[in-house]
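Before any comments, here is the structure.
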Amino acid sequence: MDIEIVPSVKYGNYKRFLSQARDFEGIIQRSESKVRKYINLPDQVKVVLRPIRDVLGTAATYKVKSIPLYTVEIDVRQTLNEFYDTLLHELVHIEQYFEDRLKLSSELFYSIYEGRKIRLVSHKSDEYYNLPWEEEATKRATKLKRIIYYI
């Protein structure tokens, strides 16, 4: 995985989180091979460590010149226990994208999960956690955290 710590954490307003970001970076590097045994990931995944508003992490895929790129963002301000959950949860989403089980729909406010078109809801809504791809990512992250990080 390609790991980036953003300039605002290295040199700017969030520099007080640099040590924590470096700890997260080390954990990702040391556990990558074990994570890949349990989560089917593309060869290249970019992990960006930065402050994020309103969420602990995000996962995205997009294409550049028809080449799919995969990115995970992790908030550097979370606890170590939250970090393990967030990292694994977002990597499960990358697997969902990589395996084409989760796709963005051409229709606004919809995604396609395992062939079913599903209306999106706000991540601030309680319903968000009932979306099938969120349920899968949460359950697998909880299970994998015990296997990979012994927590």
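Values below: all heavy atoms of this structure, side chains included; hydrogens, waters and symmetry mates excluded.
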If we only count heavy atoms from C-beta on, is the [X] to [Y] side-chain gap below 4.5 Å?
X    : Y    : result
S105 : I118 : no
I5   : L18  : yes
S8   : N13  : no
K46  : V72  : no
V55  : H123 : yes
F24  : Q20  : yes

Check: [X] side chain, [Y] main-chain N or O, donor-acceptor pair, under 3.5 Å:
X    : Y   : answer
R36  : D43 : yes
R140 : Y38 : yes
D75  : I52 : yes
K15  : P7  : no
E90  : A59 : yes
R101 : F98 : no

Quick check: closest heavy atoms across [X] and [Y], and the distance to 0.1 Å?
X    : Y    : result
I94  : T71  : CD1-O, 3.8 Å
P68  : T61  : CB-OG1, 4.5 Å
T138 : H89  : OG1-CE1, 3.2 Å
P42  : Y70  : CG-CD1, 3.3 Å
Q96  : A137 : NE2-N, 4.4 Å
S111 : L104 : OG-CD2, 4.2 Å

Is there a chain of hydrophobic side chains (I, L, V, M, F, W, Y, each step under 4.5 Å between heavy atoms) that links [X] to [Y]?
X   : Y    : result
Y62 : Y110 : no
V48 : V92  : yes
V35 : L80  : yes

Can you tell me how far the [atom1] atom of [X] sits from the [atom2] atom of [Y], to the nearest 0.5 Å?
X    : Y    : atom1 : atom2 : answer
Y113 : K103 : OH    : NZ    : 13.0 Å
I74  : L87  : CD1   : CG    : 5.0 Å
K10  : L49  : NZ    : CG    : 10.0 Å

| request: Test Q78 against T86 for side chain to side chain donor-acceptor pair (under 3.5 Å), laying out the working first. | output: CA-CA 9 Å; Q78 59 191 297; T86 302; 2.8 Å; yes
Flag if over 12 foreign heavy atoms under 6.0 Å of CD, E127: no
| query | Within a radius of less than 6.0 Å around CG of D54, do more than 12 heavy atoms belonging to other residues, nucleotides or ligands occur? | reply | yes
Under a 3.5 Å threshold, yes or no: a donor from one side chain and an acceptor from the other, between [X] and [Y]?
X   : Y    : result
Q44 : D2   : no
H93 : E134 : yes
S31 : Y149 : yes

message = As a quick check of understanding, evaluate side chain to side chain contact (heavy atoms under 4.5 Å, CB included) for V47 and E25, giving each step before the final call.
response = CA-CA 9 Å; V47 178; E25 178 181 42; over 6 Å; no
Exercise. Between E4 and R50, does at least one N-O distance fall below 4.0 Å, as a salt bridge requires?
Worked result: no
Query raised in the report: Are K139 and E135 ion-paired here, with the side-chain N under 4.0 Å from a carboxylate O?
Result: no
For E82 and T79, what are the C-alpha separation, side-chain angles and deciding distance, and is it a side chain to side chain contact (heavy atoms under 4.5 Å, CB included)? CA-CA 5 Å; E82 289 171 326; T79 67; 3.2 Å; yes
K145 to Y84, cation-pi by 6.0 Å centre distance and 45° axis angle: no
